[in-house]
Protein chains: 2
Amino acid sequence: MDINDIEHFLRLHSIRPSHHRIRVYQYLVENRNHPSVDIIYQELIRDIPTLSKTTLYNTLELFLEKGVAILITIDENERRYDADTSFHGHFRCNTCGQIFDIRLHTVPRELESMEGFEINESHIYFKGLCPKCLERGNS
Amino acid sequence: MDINDIEHFLRLHSIRPSHHRIRVYQYLVENRNHPSVDIIYQELIRDIPTLSKTTLYNTLELFLEKGVAILITIDENERRYDADTSFHGHFRCNTCGQIFDIRLHTVPRELESMEGFEINESHIYFKGLCPKCLERGNS
DNA sequence: TTATTTAATTGTAACCATTACATACTTGTA
DNA sequence: TACAAGTATGTAATGGTTACAATTAAATAA
Ligand SMILES: [Mn+2]
Ligand SMILES: [Mn+2]
Ligand SMILES: [Zn+2]
Ligand SMILES: [Zn+2]
């Protein structure tokens, strides 16, 4: 995704495209690894030595509000972010910690027991072992 | 659930039934409100003035290991616990913070895209507004 | 029962992700 | 350029969780 496209995209979602915001969003779209704040920080600080973590928290919170990213709470200890806002599930490997996207074919329509609720977010999380860690464990 | 039943139940899951463990498990089965550590603490401290939070953390961690409770991470800030270990979803109201059980009729079998993964846990979370808060907001 | 061993509990301090806030800097606009 | 509004920064505070050494309780053996 080109810088100008990102700038345009952010403007479309009424986010003023400051340099830092552009870089954070760019990181999120180019790295679909569901990074934590610290991971984003460690990556970006190499290019932007003045970057502050508070800026990251502010920026990511803004992204959530404006709906250009979602928050993933599959990890008990830290928040993770995803620029893919389409409905999909996640799998976390308990050994390597990696988080995988899970394409869901059947959207859960459990509305039978949810009459009267207004649903704004849906999350599906799986936890276990990923293929690589499984293989490594069996050897 | 009777104290003796709880004691027996814990023993069955190779958990030594100390006084505190019994009380914590009893609280979980009698209060299906998915409490945080602090909520359990505030309730139990009234009867057990010497109770320590570290004991709660130790006990709850043990319950998770032994499989008599599950951890719910629907809340970004604190962990919540549930003695109902059967597969079911949860809904959190963004206004009042209450967490509701959602009975799921269709167990997600998304295994098509999950060939080679070993799944140990599945969680389904919804967030939005509960009926009461919706009604209050509309008036 | 008592003595002995083992496990559970406690209190304190440390840890670490997140938040609050005041200051400094940038950007857009006139 | 000057001004106002919006952004970013650094530091300190907050709050849930964890580490750990000391104390107490429970289980077992004598
Ligand atoms: Mn994803
Ligand atoms: Mn539940
Ligand atoms: Zn793995
Ligand atoms: Zn509510």
Side-chain angles (χ1 to χ4, degrees), chain A residues 3-4 6-8 10-11 13-27 34-45 47-66 68-69 71-81 92 97 99, chain B residues 3-4 6-8 10-11 13-27 34-45 47-66 68-69 71-81 92 97 99:
Chain A
I3 295 283
N4 286 330
I6 292 176
E7 208 173 315
H8 183 236
L10 292 180
R11 263 191 234 282
H13 291 82
S14 55
I15 297 170
R16 293 189 143 174
S18 71
H19 291 159
H20 290 177
R21 287 173 178 173
I22 291 171
R23 295 300 299 274
V24 174
Y25 189 75
Q26 184 179 32
Y27 181 86
H34 313 94
S36 64
V37 167
D38 197 60
I39 289 173
I40 302 173
Y41 181 76
Q42 297 303 337
E43 283 299 316
L44 294 188
I45 194 72
D47 271 4
I48 318 170
T50 70
L51 181 66
S52 133
K53 268 197 182 175
T54 303
T55 297
L56 278 188
Y57 279 105
N58 290 339
T59 300
L60 291 164
E61 186 58 31
L62 183 67
F63 286 177
L64 298 186
E65 280 171 18
K66 298 300 186 183
V68 301
L71 175 63
I72 296 173
T73 59
I74 198 172
D75 192 293
E76 300 82 18
N77 301 313
E78 53 187 3
R79 303 177 185 185
R80 291 171 165 275
Y81 297 87
R92 188 200 60 194
I99 295 179
Chain B
I3 294 283
N4 285 331
I6 292 175
E7 207 174 317
H8 183 237
L10 292 179
R11 263 191 234 283
H13 291 82
S14 55
I15 296 170
R16 293 186 143 172
S18 72
H19 291 160
H20 290 180
R21 286 172 178 175
I22 290 171
R23 295 300 299 276
V24 174
Y25 189 75
Q26 185 180 32
Y27 181 86
H34 314 94
S36 64
V37 168
D38 196 61
I39 289 174
I40 302 172
Y41 181 78
Q42 297 305 337
E43 283 299 315
L44 293 187
I45 194 72
D47 270 4
I48 319 169
T50 71
L51 181 67
S52 135
K53 266 196 183 177
T54 303
T55 298
L56 278 188
Y57 278 105
N58 290 339
T59 300
L60 290 165
E61 185 59 31
L62 183 67
F63 286 177
L64 297 186
E65 281 171 19
K66 299 300 186 182
V68 301
L71 175 63
I72 297 173
T73 59
I74 198 174
D75 194 294
E76 299 82 19
N77 302 312
E78 53 187 2
R79 303 177 185 184
R80 291 172 167 274
Y81 298 87
R92 188 200 61 192
I99 296 179

**Request:** Starting from P on D:dA25, measure out to CZ on B:R23 and report it in whole angstrom.
**Result:** 16 Å

**Asked** For B:F63 and B:I15, which heavy atoms make the closest approach, and how far apart are they?
**Response** CD2-CD1, 3.9 Å

**Message:** Can you work out whether B:K53 or B:P17 has the more 5'-proximal nearest nucleotide on DNA chain D?
**Reply:** B:K53

**Request:** Check every strand shown and say whether B:N77 touches a base, only sugar-phosphate, or nothing at a heavy-atom separation below 4.0 Å.
**Result:** sugar-phosphate

**Asked** Under 4.0 Å between a Lys/Arg side-chain N and an Asp/Glu carboxylate O for B:E61 and B:R79?
**Response** no

**Item:** Euclidean distance, atom CZ of residue B:R16 to atom C1' of C:dT9 [Å, nearest integer]
**Value:** 14 Å

**Prompt:** Has A:T50 got a side-chain N or O lying under 4.0 Å from the OP1 or OP2 atom of D:dT9?
**Reply:** yes

**Message:** What is the separation between atom CD1 on B:I48 and atom C1' on C:dT10, rounded to the nearest whole Å?
**Reply:** 13 Å

**Message:** Does a side-chain N or O of B:Y57 approach OP1 or OP2 of D:dT17 to a distance below 4.0 Å, or not?
**Reply:** yes

**Request:** Quick one: list whatever passes salt bridge (Lys or Arg N to Asp or Glu O under 4.0 Å) with A:K66, sequence neighbours left out.
**Result:** none

**Asked** Which sits closer to the 5' end of DNA chain C, A:N58 or A:V37, going by the nucleotide each is nearest to?
**Response** A:V37

**Prompt:** Within the structure shown, what part of the strands sits under 4.0 Å from A:S36 by heavy-atom distance: base, sugar-phosphate, or nothing?
**Reply:** nothing

**Whole-Å gap separating P (D:dT7) and CZ (A:R11)** = 11 Å

**Item:** Integer-rounded Å distance: D:dA8 P and A:Y41 OH
**Value:** 15 Å

**Prompt:** If you measure from CG on A:L10 to NE2 on A:H8, what distance do you get to the nearest 0.5 Å?
**Reply:** 10.5 Å

**Complete:** In whole angstroms, the gap separating C1' of D:dG6 from CG of A:L62 amounts to 11 Å

**Prompt:** Does a side-chain N or O from B:S18 land closer than 4.0 Å to OP1 or OP2 of C:dA8, or not?
**Reply:** no

**Asked** Of the nucleotides D:dT18, C:dT9, C:dA17, which has the atom closest to the B:T54 side chain?
**Response** D:dT18

**Side chain A:T59, main chain A:T55, donor-acceptor under 3.5 Å** = yes

**Prompt:** Between D:dA26 and B:H19, is there an OP1 or OP2 to side-chain N/O distance shorter than 4.0 Å?
**Reply:** yes

**Request:** Take the protein atom NE2 of B:H20 and the nucleotide atom P of D:dT24, then report the distance between them rounded to whole Å.
**Result:** 14 Å

**Prompt:** Just how far, in rounded Å, is P of D:dA8 from CG of A:L56?
**Reply:** 10 Å

**Fill in**
Side-chain atoms of B:R79 come closest, of D:dT18, D:dT9, C:dT9, to D:dT18

**Message:** Whether B:R21 contacts C:dT9 is assessed here as follows: a side-chain N or O lying under 4.0 Å from the phosphate OP1 or OP2. Is that the case?
**Reply:** yes

